[in-house]
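Reading through the structure tokens given below for one structure.
Because only heavy atoms are used, hydrogens play no part in the values below, and waters and symmetry mates are left out as well, while side chains stay in. Since the model is a prediction, treat every value here as computed from it, not as a measurement.
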Amino acid sequence: MTDAPSKIAEAILMGRKTHRIVIQNIVMAMAIKAFFILLGAFGLTTLWEEVLADVGVALLAVLNASRVAK
């Protein structure tokens, strides 16, 4: 961060990109969790599978969010 006015446009673009990635992460996490909760309600998954899916979603969200740094 600097006090250069020329960096404002770059900061706005980075903010928009970050917002898109955050929305992607939220939608992805909620969809996968809802899918596994639905499967669990019908007895098709075990608690371990649901925990592993939750951990996997968290890892995918972190990896997806790391795209902002590029």
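Summarising the hydrophobic clusters (Ile, Leu, Val, Met, Phe, Trp, Tyr; side-chain heavy atoms under 4.5 Å, direct or chained), the residues clustered with V27 are I23. Other residues sharing the hydrophobic cluster of I8, ordered by chain and number and joined by side-chain separations under 4.5 Å: I12.
Listed by first and then second residue, the salt bridge (Lys or Arg N to Asp or Glu O under 4.0 Å) pairs that reach into residues 38-49 come to none, sequence neighbours excluded.
Shown here are the side-chain hydrogen bond (donor to acceptor under 3.5 Å, both in side chains) partners of E50, two or more places apart in sequence or in another chain: T45. Partners of D54 under the side-chain hydrogen bond (donor to acceptor under 3.5 Å, both in side chains) rule, at least two apart in sequence or in another chain, are K33. In this view, L44 and L39, F42 satisfy the side-chain contact (heavy atoms from CB on, under 4.5 Å) rule, not counting sequence neighbours. Residues meeting the side-chain contact (heavy atoms from CB on, under 4.5 Å) test with L63, sequence neighbours left out: none. A search for side-chain contact (heavy atoms from CB on, under 4.5 Å) contacts involving I32 returns M28, F36, V57, not counting sequence neighbours. Listed by chain and number, the residues in a side-chain contact (heavy atoms from CB on, under 4.5 Å) with I26 are V22, M30 (sequence neighbours excluded). For K7, there are no side-chain hydrogen bond (donor to acceptor under 3.5 Å, both in side chains) partners at least two apart in sequence or on another chain.
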Could you walk me through whether K17 and L13 satisfy the side-chain contact (heavy atoms from CB on, under 4.5 Å) test, starting with their C-alpha distance in whole Å, then the side-chain angles of each, then the deciding distance to 0.1 Å, before giving a yes or no? CA-CA 6 Å; K17 184 176 181 181; L13 290 176; over 6 Å; no
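Nearest heavy atoms, Q24 versus R67: OE1-NH2, 3.0 Å.
Side-chain heavy atoms closer than 4.5 Å link hydrophobic residues (I, L, V, M, F, W, Y) into clusters, and following such links, even through other members, never connects L52 to L60.
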